[in-house]
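Here's the structure we're looking at; comments come further down.
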Amino acid sequence: MPKEEAKISVYDHGLLYGDGIFEGLRVYNGRIFKLEEHVDRLYESAKSIMLTIPMPKQEMIAAHVETVRQNGLRDVYIRSIVTRGVGSLGIDPRSCPKASVIIIVDKISLYPAELYEKGIDVVTVATRRPSVDVLSPRVKSLNYLNNVMAKIEAARAGAFGGIMLNSEGYVTEGTADNIFLVKKGIIYTPPGHVGILQGITRDTIMTMATESGYIVKEEVFTRHDIYVADEIFFTGSGAEVIPVINCDGRVIGTGAPGPITRYFIEEYRKLVNSTGYTVFTS
Ligand code: PMP
């Protein structure tokens with residue numbers, strides 16, 4: 001249905017309590033990138049919060065393809081949402097008989113191209129990422145206030161992005177992107193247990209790096225490691241691979257996107273333009 005006609009009940013628990021989950025996908029030239037992986041993660045998030053998605057995975061995949069097809073544009077963003085559904089005003093999910101499924105396909109607003117050439121500056125924010133025993137960041141839930149607070153802090157500090165630490169001071173991720181560090185040619189990214197969303201772009205880069213002969217290590221690291229890194233970059237479906245060239249006023253490496261970051265920016269772009277779930281054949 002058209003954007004203006006799409007409506008949701010004010011009694012939907014997705015709105016009332018952030019009780020739900022979501023995914024963000026990209027369509028490149030009529031092909032949905034990593035569709036199965038995103039749908040798998042959606043069903044894993046659902047399972048973790050005991051939310052029954054009222055359709056099998058294959059039907060969900062078909063619904064994504066059909067929504068993109070009806071939208072008609074070849075380069076778009078998809079936001080898939082499953083909420084607990086319409087219920088009473090209490091938090092008890094048992095008042096919600098059926099989950100609501102929403103698939104939005106819209107134009108994507110990309111970051112300016114110059115950010116990929118020059119890199120972005122970031123700050124570490126005071127808002128900590130919840131630990132895995134509080135609310136696992138692996139669940140891509142509709143509760144994004146933690147990330148929103150971090151984003152506000154970064155913006156107030158005049159930075160483009162924010163890096164979130166966990167309660168022990170270890171680096172977790174950006175406000176909505178994963179983080180990678182390069183030191184002496186080795187690539188590091190924080191492991192799942194520090195409290196991160198295990199990004200699909202992160203997985204893609206880790207595989208690509210290993211296949212290209214790089215050593216990739218999932219290791220915990222601190223702010224100090226960021227300050228003295230040779231290269232830092234963020235990854236995410238929206239941002240793709242974006243260089244970070246300053247953190248908390250410390251210049252990273254040479255202050256310009258490094259060779260390994262630039263390699264992944266290029267390779268990732270090649271991959272997204274040559275693979276994916278085909279919606280439009282001509
Ligand atoms: N971390 C968080 C908190 C996110 O919301 C996202 C998605 N924007 C990512 C990391 C990156 O995940 P993906 O590569 O699957 O888009």
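One-based numbering, in listed order, for ligands and for the atoms of each. FYI, side chains are in, hydrogens and waters are out, and symmetry mates aren't considered; it's all heavy atoms of this structure.
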Does a donor on one side chain sit under 3.5 Å from an acceptor on the other, for [X] and [Y]?
X      : Y      : answer
Thr235 : Tyr268 : no
Ser212 : Glu267 : no
His64  : Ser80  : yes

Tell me: protein heavy atom nearest [atom], and distance?
atom                    : result
atom 12 (O) of ligand 1 : Gly199 CA, 3.4 Å
atom 5 (O) of ligand 1  : Tyr144 OH, 2.5 Å
atom 7 (C) of ligand 1  : Lys140 NZ, 3.3 Å
atom 14 (O) of ligand 1 : Thr201 OG1, 2.5 Å
atom 1 (N) of ligand 1  : Glu173 OE1, 2.6 Å

Taking the side chain from [X] and the backbone from [Y], do they hold a donor-acceptor pair closer than 3.5 Å?
X      : Y      : value
Ser274 : Leu271 : yes
Lys57  : Glu36  : no
Ser141 : Gly20  : no

Decide whether an N or O pair under 3.5 Å exists between [X] and ligand 1.
X      : answer
Asn147 : no
Gln198 : no
Gly174 : no
Arg41  : yes
Thr175 : no
Ser237 : yes

With Val220 as reference, evaluate Val194, Thr172, Asn166, Val171 under the side chain to side chain contact (heavy atoms under 4.5 Å, CB included) test and give the passing residue.
->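 Single pass found, and it is Val194.
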Would you say Arg129 touches ligand 1, if touching means a heavy atom closer than 4.0 Å?
->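 Within the 4.0 Å threshold, so yes.
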Glu23: heavy atom below 4.0 Å from ligand 1, yes or no?
->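 Contact absent.
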Do Ile242 and Leu181 share a hydrophobic cluster (ILVMFWY, side-chain heavy atoms under 4.5 Å, transitive)?
->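 The answer is yes; both residues are in one hydrophobic cluster.
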Option set Ser141, Pro137, Ala176, criterion heavy-atom distance to atom 6 (C) of ligand 1, minimum |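 Shortest heavy-atom distance from atom 6 (C) of ligand 1: Ala176.
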Is atom OH of Tyr170 surrounded by more than 12 heavy atoms (other residues, nucleotides or ligands) closer than 6.0 Å?
->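 No, because the 6.0 Å sphere around OH of Tyr170 holds 12 heavy atoms or fewer from other groups.
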Give the atoms of ligand 1, by number and element, whose distance to some non-hydrogen atom of Gly236 is under 4.0 Å.
->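 Every atom of ligand 1 under 4.0 Å from some heavy atom of Gly236: 11 (C), 14 (O), 16 (O).
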Kindly assign one of parallel, tilted or perpendicular to the pair Phe33 and Tyr28, based on the angle between their ring planes and the thresholds 30° and 60°.
->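 Rings of Phe33 and Tyr28: perpendicular, as their planes differ by over 60°.
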